[in-house]
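After the structure tokens below, expect a handful of questions from me.
Ligands are counted one by one from 1 in listed order, and the atoms in each one are counted from 1 as well. For the numbers below, each heavy atom of this structure counts, side chains included, while hydrogens, waters and symmetry mates do not.
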Amino acid sequence: MTTATTVSGVAVATSAADLSERLDAERRAGHRVGMVLTMGALHRGHASLIARAAAECDVVVVSIFVNPTQFADPGDLTNYPRTLESDLEAAGRAGADLVFAPSVIEMYPDWPTPAATTVTVRSLGDRWEGLSRPGHFDGVATVVGKLLSVAGRCRTYFGEKDFQQLTIVHRLALDLSLPVEVVGCPTVREADGLALSSRNVRLSPDERAAAVCLSRCLAAGAEAFRSGGDRAAVESAMAAVVEAQPLVDLDYAALVDACDLEPADPTTGAREPSDRPLRLLVAAQVGPVRLIDNCDPRAFP
Ligand code: AMP
């Protein structure tokens, strides 16, 4: 069936109709579809998602789309790395069979006029990243809803690296009855602990060295948590690590319930989660780049 072309051994579809038709044919042949959504500039973190999809599914599609509606900062959108050619190769090497690389007009036919229909995930989308990046999660939820509805029934793989996004995608799939299974995958890190991110390439050598304080902040929070600290103690241990680093400007360092992302206190009150899932979240500005990271305080580093 397809009008997809092949580049670096990977089929490339640029229209939603092509993608949908091709994946329908795969499902008719009894194949399980795996899907990984990305904005490109692929690194080992993305590759781990693609490899997991390839291990668990018969056909793997990777979308590469720098979604303009999720960028609160126009400079961030302009400077976002775009490396389609090497991405096709990296996607193929990691196990992708097909890349979906639509244009902005393919995804938003009225662009730059805003679409009339958007998706808002209330409450989960309002806090943390949502506070500092207004509209960000509406853009994310809308494009994820669109891409997954074009793809159809599939298993879709998201990184824990973007933990709030992962939580929102779980909620979105449930609330919109999308025929997808959402799978969360562990964060891939550099040897010194920095979480891989497409934005890391924009850090100067000094900023790159300073950025390691985000994972150290998580380690300090996890240690404070495991030695019985309450929320204030955990969060101040986290903040102290980042605040000691002059090149890094802390936005938040928080201990939250991993399900609803509300602040959680492990020692008191109604939210007393002796085995309830918890998460440490951190966000900071490092030079021109906003970085985020998170971990399970019971299992880090
Ligand atoms: P992005 O291209 O940044 O939108 O990310 C696409 C997908 O890759 C999302 O599900 C991210 O959470 C995931 N991802 C990004 N960085 C990492 C990482 N270091 N480890 C694992 N997954 C990641």
Task: Qualifying residues under ring pair (Phe, Tyr, Trp, His ring centres under 6.0 Å), relative to F300, sequence neighbours excluded - done: none
Open item on the list: I'd like to check the ring pair (Phe, Tyr, Trp, His ring centres under 6.0 Å) partners of F71; sequence neighbours left out, ordered by chain and number.
Closed with: Y80
Open item on the list: For R202, is there an ion pair with D76 - N to carboxylate O distance below 4.0 angstrom?
Closed with: yes
Open item on the list: Using a 4.0 Å cut-off on heavy atoms, what residues surround ligand 1? Order them by chain and number.
Closed with: L37, T38, M39, H43, G45, H46, L49, Y80, F158, G159, K161, D162, Q165, P186, T187, V188, L196
Open item on the list: Would you say D251 and S132 are linked by a side-chain donor-acceptor pair, where the criterion is simply a distance under 3.5 Å?
Closed with: yes
Open item on the list: Suppose we screen for ring pair (Phe, Tyr, Trp, His ring centres under 6.0 Å). Which residues come up paired with H43, at least two apart in sequence or across chains?
Closed with: H46
Task: Donor-acceptor contact present, side-chain E89 to main-chain A91, <3.5 Å - done: no
